[in-house]
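Whatever order the structure lists ligands and atoms in, that order sets their numbers, starting from 1. Side-chain atoms are counted along with the backbone in the values below, which use heavy atoms only and exclude waters and symmetry mates.
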Amino acid sequence: MTHMALEATQSLEERCNQILRNMEASLTARDRVGIQDFVLLDAYTSESAFLDNLRKRSHENLIYTYIGTLLVSVNPYKDLDIYSKKQMDTYMGVNFFELPPHIYALADNVFRTMQSEVNNHFILISGESGAGKTEASKKILQFYAVSCPSTKLLNNVRDRLLLSNPVLEAFGNAKTLKNDNSSRFGKYMDIQFDHQGGAVGGHILSYLLEKSRVVHQNHGERNFHIFYQLVEGGEEDLLRWLGLERNCQHYSYLVQGGCAKVSSINDKSDWKMVRKALSVIEFSESDIEHLFGIIASVLHLGNIKFDADVRGYASLNNNQEMHWVSKLLGIPIQVLQQGLTHRKIEAKTEEVFSPFSVDHAVYARDALAKAIYGRTFNWLVNKINESLVNKDSSRKTVIGLLDIYGFEVFNVNSFEQFCINYCNEKLQQLFIQLTLKSEQEEYEMEGIEWEPVPFFNNKIICDLVEEKHRGIISLLDEECLRPGEATDLTFLEKMEEKISGHPHFVTHKLADQKTRKTLERGDFRLLHYAGEVTYCVVGFLDKNNDLLYRNGKEVMRQSKNAIIKHCFPSTEPDSKKRPETVVTQFKSSLVGLTEILMSKEPWYVRCIKPNEAKQPGRFDDVLVRHQVKYLGLMEHLRVRRAGFAYRRKYEIFLQRYKPLCPDTWPNWKGTAAEGVLCLIKHLGYKSDEYKMGRTKIFIRHPRTLFATEDAFQVCKHKLATRIQAKYKGYRVKGDYLKQREAATKIETCWRGLLARKEREKRAWAVKVIKKFIKGFMTRNQPANVDNSEYLAYVRQNYITRLRDNLPKTILEKDSWLTPPPIMQEVSQVLKRVYIRLMVRRYVRGITPQRKAQLLLKEQTSSMFKGKKENYPFSVCRPFMETRIAAEDISFKVLQMIRHEHIKYSVPVVKYDRNGFRPRLRQLIFTQEAAYLVEEAKIKQGIDYISLKGVSVSNLSDNFLILHVTCDDIKQKGDLVLQCDYLFEALTKLTLIANKQNCIKVVQGSVRFDIQPGREGFVDFKSGQESMVYRAKNGHLMVESTRTKSR
Ligand SMILES: Nc1ncnc2c1ncn2[C@@H]1O[C@H](COP(=O)(O)OP(=O)(O)O)[C@@H](O)[C@H]1O
Ligand SMILES: [Mg+2]
């Protein structure tokens, strides 16, 4: 199995297990902590049941619950371990209802729908301040950042999309009583995807920044984060250049809420983050310089103080702050001074400068600060958009994220709340339209009759606010624009006059007795779809006008600061034509937003804040009930539940429940719809409990579904075991088959290999044999192609054999290996060489003694070889120095011959000359003479000069006759002796006596002198046995056995 395949099966298996686990989890979750989808709530009209479910789940940290595809999210106010990469992976590409509700499931579902249907979507995130909207939008963005395909280019876009957030939050978020990081502007962000799903660009729209915060903060609130970040975190050099001190308490715009420092916010580290983000989203150094120049100049502006001159007009001392503002904005100080203390009035032909009162001057200063900050914020959004723009023009699909302020009710509600709540009315209207529309469309598409749903339509409130000429916005604008004395109170009166009697509008004057008690004179109350809100009219006109005195703008136009220049273009229509009021601008931006949203498919995330204390684990029923109501959750549920509680695509339904019917398990052959029909018939659904749509089954009551689900639960365990067993079997079988296949393969290969080797060997053998035969047949021809190898072989073979069979000694030289014909000559040469070698070796190995002995032997040979019959037997008997040890010779004898050196002695038998009686004697050779000794007597001494010769027979006896010169009659005659060491003794004698030629080998008979003049004879003959006796003729007869020569 390849690595890849292994991985694939592993992840498939893992995935299966995971789904099984999660199914399990989700089913038990249904029993344990409420239900995951409100649509399945039996008492779907009961707010209490709704709250119960939400409470139960949020206590278990199950913060997400569905209403169909809408996601309800309860702020946990603590970090949960549900946003890891692993979680993202779990939710990626998995069926929406397969896993427990999660924001990732929604994000993934949106993304996949966009991919498959190639259309645009938006996710509307709503809820009141601090409910978790911004966090939710970040989670969605992070999910896309991880789940979308990535390339280097796309990563670049991704980083910018992610990092645009901290920048926008720094400039647009602030600590409020409700939320330490409250977004003070509405934000709509488009993420653009190419056809492969890569995020290729983005665009941000911002709505109604709460500018008033720049100059005023309520107790317990702060200005926008960026001011504190700059002061706390800005580098020393930067602060010096901006003329700032590292102390927020010095700046009156930062301290009004009395909480410049908060433990939950780390301005220093946020500053670093923002600096880093700015560089990633392509802000140049000069952009950054100008941007912080502006932020600093706003702080300086806030510290400018006016004195009253003698006439009560505002006057400016040439103080430090003026100097810094002038420097940072690049505006001459006089121009600035004039602009802050005078207004320009245009009379018919001339311009007149009229001085401000101190109050006016402060107002103008604050207006300027707000304008500068507000416009800079817009510039910032545009700048970010430039960096997010996608240059590629091919078709894109879009997912929009709308993180917009939720419905707001404070103790005192003003113009801002009015705008915000109006915005929420508009969104609710959109929501109703889209939800109803989609419900209706779904019924229509599925071919099911539409059953009208009763619900509250808030159009009436929208109309109350925005209707032309009669609506509150029109009336407000009218008051702002009309000449004459218009005040907040005249505006109130106008409303009372024009819209009295409207069921959703009431004022102190219009109210009945009972209600009047709850209203102040300057209040008006709107009955919003989400509840009543009482607004205080004070400041409405001012805030709506948002007037920046005309020369204020003119002053700004002279700025050298590039951003300010850009924000106050000289082409701006001047005050002759009044600029649009704030509320009108807001209204038209909402119209624009509605248009954007209407063209897209909606998805909803409803955020709920469980308590006001930002505390985990607390669930304030009253607070949540209120939110459930104004978020329209019950309404949404009602619409979704109007006809049928549950609907699913046939395929999905069948896939889940098919084990419940034998006909559909394990596989259904027909269409999914037929399968579902078969299945529910088997389960006994009644005809009014369900409807079959075109692609989906609609089930009216949750209990029907739950019964089915319970049945599935029971069956599931059995099923799981079976599936497991099957799967295991399948795995094992698969493994086995694979192994077997592998084994066969290896075997085949191995056999093939062996066979090929064998074949090669045989082919080689045949060749060799053929060659051998041919070589053999042509072996006698001169060397040629055919026989050269054969001959080489023969040669080598002979040489090797020869080597192993060389003669061991020189004596075996004739055992030389017979050579083949071609080696005749070589063999001879070798033989010669080798014999010489052996000889040399032999010769070298010989000792001087042995050499001497051999020389003696040679001597013996020259004397007797071929002459005497028993000579050959003597050859192998080595000669000795002597045959009688010195101590065996009588001392007397030794004394007698002490002047002579004994050379050799040997025992002999001496035959008497007369009677031939044998007598044992010793024969001793000195250098002078030979002595015959009988024990202590020297019987006869023969000096070598008188030794005439020695006779021996040619037969195999051991007789020798020493002939001596015998002149003296008294002298003894020749000696007849028998000696066992005949050859040795004679050889020694010839050598010692130096008589090489004295030996005579005779045949037949030897004459010898008994005495001078008296002769005797010894006759020799061969016989049957050896005998010595005196023959009848008086001769000594020596008979010896004939020996066969060797
Ligand atoms: N899913 C969440 N998990 C943990 N804390 C959250 C979550 N959502 C919100 N919060 C907490 O609530 C605070 C307010 O959330 P935020 O999204 O800024 O509210 P909103 O944008 O609705 O005003 C956050 O700063 C965070 O501390
Ligand atoms: Mg927010």
### Task
Using a cut-off of strictly less than 2.8 Å, determine whether Ser183 has an N/O/S atom near the Mg ion (ligand 2).
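It does: Ser183 brings an N, O or S atom closer than 2.8 Å to the Mg ion (ligand 2).
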
### Message
Looking at the Mg ion (ligand 2), is there an N, O or S atom belonging to Thr134 that lies under 2.8 Å away from it?
### Response
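Looking at Thr134, which is the residue asked about, there is an N, O or S atom under 2.8 Å from the Mg ion (ligand 2).
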
#### Entry: ligand 1 to Lys139 polar contact by distance, N or O atoms, under 3.5 Å
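In fact, backbone or side chain, Lys139 has no N or O that close.
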
Strictly under 4.0 Å, does any heavy atom of [X] approach an atom of ligand 1?
X      : value
Glu128 : yes
Ser182 : no
Gly130 : yes
Leu80  : no

Show the atoms of ligand 1 that are less than 4.0 angstrom away from any heavy atom in [X].
X      : result
Tyr83  : 1 (N)
Ser129 : 23 (O)
Tyr77  : 12 (O)
Asn181 : 18 (O)

### Message
Using 30° and 60° as the class boundaries, would you call the ring planes of Phe111 and Tyr144 parallel, tilted or perpendicular?
### Response
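Phe111 vs Tyr144 ring planes: tilted.
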
### Query
Which residue holds the protein heavy atom closest to atom 26 (C) of ligand 1, what is that atom called, and what is the gap in Å?
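Ranked first by proximity to atom 26 (C) of ligand 1 is Glu135 CG, 4.1 Å.
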
### Message
Please list the nearest protein heavy atom to atom 16 (P) of ligand 1 with its residue and the distance rounded to 0.1 Å.
### Response
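So the nearest neighbour among protein heavy atoms is Asn179 ND2, 3.5 Å.
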
Answer yes or no for [X] and [Y]: cation-pi contact, defined as NZ/CZ to six-membered ring centre under 6.0 Å and angle to ring axis within 45°.
X      : Y      : answer
Arg222 : Tyr228 : yes
Arg606 : Phe431 : yes
Lys139 : Tyr83  : yes

### Task
Please step through salt bridge (Lys or Arg N to Asp or Glu O under 4.0 Å) for the pair Arg57 and Glu60, ending with a clear verdict.
CA-CA 5 Å; Arg57 289 176 65 75; Glu60 294 294 324; over 6 Å; no

### Query
Does ligand 1 have a heavy atom under 4.0 Å from the side chain of Asn75, from its backbone, from both, or from neither?
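It is the side chain that gets close, since no backbone atom is under 4.0 Å.
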
### Task
Check Lys78 against ligand 1 and report side chain, backbone, both or neither, counting heavy atoms closer than 4.0 Å.
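Answer for Lys78: backbone.
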
### Task
Give a yes or no on this: more than 12 heavy atoms of other residues, nucleotides or ligands lie within 6.0 Å of atom NZ of Lys629.
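Open.
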
### Query
Charged N to carboxylate O below 4.0 Å: is that the case for Glu408 and Lys178?
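Result for this pair is no, no salt bridge flagged.
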
### Task
Mark whether atom 19 (O) of ligand 1 lies under 4.0 angstrom from at least one protein heavy atom.
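True for atom 19 (O) of ligand 1.
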
### Query
Taking the minimum heavy-atom distance to atom 2 (C) of ligand 1, which of Pro76, Pro616, Ser264 ranks first?
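Heavy atom nearest to atom 2 (C) of ligand 1 belongs to Pro76.
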
### Task
Go through the steps to decide whether Lys614 and Asp180 satisfy the test salt bridge (Lys or Arg N to Asp or Glu O under 4.0 Å), and finish with yes or no.
CA-CA 9 Å; Lys614 306 171 193 168; Asp180 289 350; 2.9 Å; yes

### Task
Can you spot which of Ile63, Asp108, Leu62, Ile82 makes a side chain to side chain contact (heavy atoms under 4.5 Å, CB included) with His102?
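Looking at Ile63, Asp108, Leu62, Ile82, the match for His102 under the side chain to side chain contact (heavy atoms under 4.5 Å, CB included) is Ile82.
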
### Task
Could you go through the side-chain contact (heavy atoms from CB on, under 4.5 Å) check for Phe185 and Phe171 one step at a time?
CA-CA 10 Å; Phe185 66 105; Phe171 285 83; over 6 Å; no

